[in-house]
2 protein chains.
Amino acid sequence: MSHLNPTEALRDSDGDQAGAPTYSGFGDFRMTRQRKVVYDVLMAERDHPTASEVFLRAKHVMPGISLATVYNCLETMTHAGLVKQVNVDREASRYCPNLRPHAHFYCSECQEISDVDLHLSASTATPWSLPEGAKIDHLEVSMKGVCPDCQARVLEKSR
Amino acid sequence: MSHLNPTEALRDSDGDQAGAPTYSGFGDFRMTRQRKVVYDVLMAERDHPTASEVFLRAKHVMPGISLATVYNCLETMTHAGLVKQVNVDREASRYCPNLRPHAHFYCSECQEISDVDLHLSASTATPWSLPEGAKIDHLEVSMKGVCPDCQARVLEKSR
DNA sequence: CTTGAGATCAAGAATTATTCCAAATAAAAA
DNA sequence: TTTTTATTTGGAATAATTCTTGATCTCAAG
């Protein structure tokens, strides 16, 4: 819940030419103009764009930004824990700013990815039992199937 | 448990030169010599090799086999449901012949992947609740962390 | 205000896993 | 056997991502 929007750490956030903005560290890294753009782009739509899609969107705001930089920003922010990297099979990584524990549902009909909340606490039951003594850093749950909307459409057709 | 070893469908299974073996379809595809080799290689060790690793192992048995063929075989067999493709992040896909529902645990210390059984039945609780009306075809659960062995070693050192 | 150190950005080359292609070969069907 | 179809192969092509290198930027010290 209470999680400071990291871009608030950026003073002087108007335009991208005017007087050079003053930067300010956020956590362990500098919230530069390009990083802010990338982050804002991710926050703007709650979908799961690939790096190239982020790149395209970022160019609207900052035409000079480079793909390499977008990759850099995404990696930095992923490490910093501001965004999550989502992988479905071996397709291009996707990124999302949803920080709550969640799984991803990939619809093979409309190719959209949606979030599915995960309820993980010491008490909730899981369908797996970990080997004694293992330490878990990351858990990734991804599902592939047909989303409710598409499923409805499919059933409709076959009537 | 009772799951016919698919290579048993191959008559004349000795050597790979002798008189041309007689082939026989298995399910929907031909169990060719190279497919048998790839499958046997996977069954031989219960680890999670990448396509290149499978390729290397397969060459011991059939020196002339090509990487493209290994990829083809793995894809065919994955579709046929004989092997599972395992993806961890965007690293090279790995393959395993464990057909039971299971998750994968990737140890960031020893880089080994191990299987974690999944108990999925209509009755078992899951930490997620699916959107009403969705149809699930595949579920992939993968974890990253430190396996019991490495964890023990780590704790040992820090004492 | 200038300078130095270190971080970040950018453009393109390089890498890596994987797929595609077209020709050769092998297996199944006739 | 002959024909038909599937499979194998080696190499080229692709796509996402990483690497490299020099330019640029920020912060803090002088």
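In what follows, chains are A, B, ... by sequence order, proteins preceding strands, each numbered from 1. Side-chain atoms are counted along with the backbone in the values below, which use heavy atoms only and exclude waters and symmetry mates. In this text the structure is predicted, and so the values were computed from the model without any measurement.
- One interatomic measurement links the two molecules: CZ of B:R33 to C1' of D:dT9, which rounds to 13 Å at whole-angstrom precision.
- In this structure, A:Y39 atom OH and C:dT8 atom P are separated by 18 Å, rounded to whole Å.
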For this session: Show your working on side chain to side chain contact (heavy atoms under 4.5 Å, CB included) between A:I65 and A:V38 and close with a plain yes or no.
Result: CA-CA 10 Å; A:I65 199 170; A:V38 167; 4.3 Å; yes
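- Computed from coordinates, the A:K59 NZ to C:dC9 P distance equals 17 Å when rounded to whole Å.
- Hydrophobic clustering keeps A:V86 apart from A:V116 (ILVMFWY residues linked when any side-chain heavy atoms are closer than 4.5 Å, directly or through intermediates).
- Close to C:dA17, at under 4.0 Å from its OP1 or OP2, lies no side-chain N or O of B:R90.
- With distances taken from any side-chain atom of A:R35 to the nucleotides C:dC9, D:dT7, D:dT9, the minimum falls on C:dC9.
- Between A:Q34 and the phosphate of C:dA10, there is a side-chain N or O to OP1/OP2 separation shorter than 4.0 Å.
- The listed nucleotides are D:dT17, D:dG11, D:dT8; the one nearest the side chain of B:T69 is D:dT8.
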For residues 76-84 of chain B, which side-chain donor-acceptor pairs fall under 3.5 Å, sequence neighbours excluded?
from: B:T76; atom 1: OG1; to: B:N72; atom 2: O; distance (Å): 2.8
from: B:T78; atom 1: OG1; to: B:L74; atom 2: O; distance (Å): 2.6
from: B:H79; atom 1: ND1; to: B:E75; atom 2: O; distance (Å): 3.4
from: B:K84; atom 1: NZ; to: B:R100; atom 2: O; distance (Å): 3.3

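- Distance from the side chain of B:N72 is smallest for D:dT9 among the nucleotides D:dT9, D:dA16, D:dT7.
- As rounded to whole Å, 11 Å separates atom P of D:dT8 from atom CG of B:L74.
- Of the possible polar contacts, none joining the B:T50 side chain to the B:A92 backbone as a donor-acceptor pair under 3.5 Å is found.
- As a whole-Å value, the separation of B:I65 CD1 from C:dA24 C1' is 17 Å.
- Rounded to whole Å, atom C1' of C:dC20 lies 13 Å from atom CG of B:L67.
- In this structure, the side chains of B:R94 and B:I113 come closer than 4.5 Å at one or more pairs of heavy atoms.
- Rounded to whole angstrom, the span from the CZ atom of A:F55 across to the C1' atom of D:dA15 amounts to 15 Å.
- Contact annotation for B:S93: backbone-only contact, meaning every heavy-atom pair under 4.0 Å involves sugar-phosphate atoms and none involves a base.
- A:T76 has no side-chain polar atom (N or O) that falls below the 4.0 Å cut-off from OP1 or OP2 of C:dT8.
- Neither OP1 nor OP2 of C:dA17 sits under 4.0 Å from any side-chain N or O of B:S52.
- Among D:dT17, D:dG10, D:dT8, the nucleotide with an atom closest to any side-chain atom of B:C73 is D:dT8.
- Across the protein-nucleic acid pair, B:M31 atom CE and C:dA28 atom P stand 12 Å apart, rounded to whole Å.
- Residue B:R30 has its side chain nearest to C:dA28 when only C:dA28, D:dG10, D:dA16 are considered.
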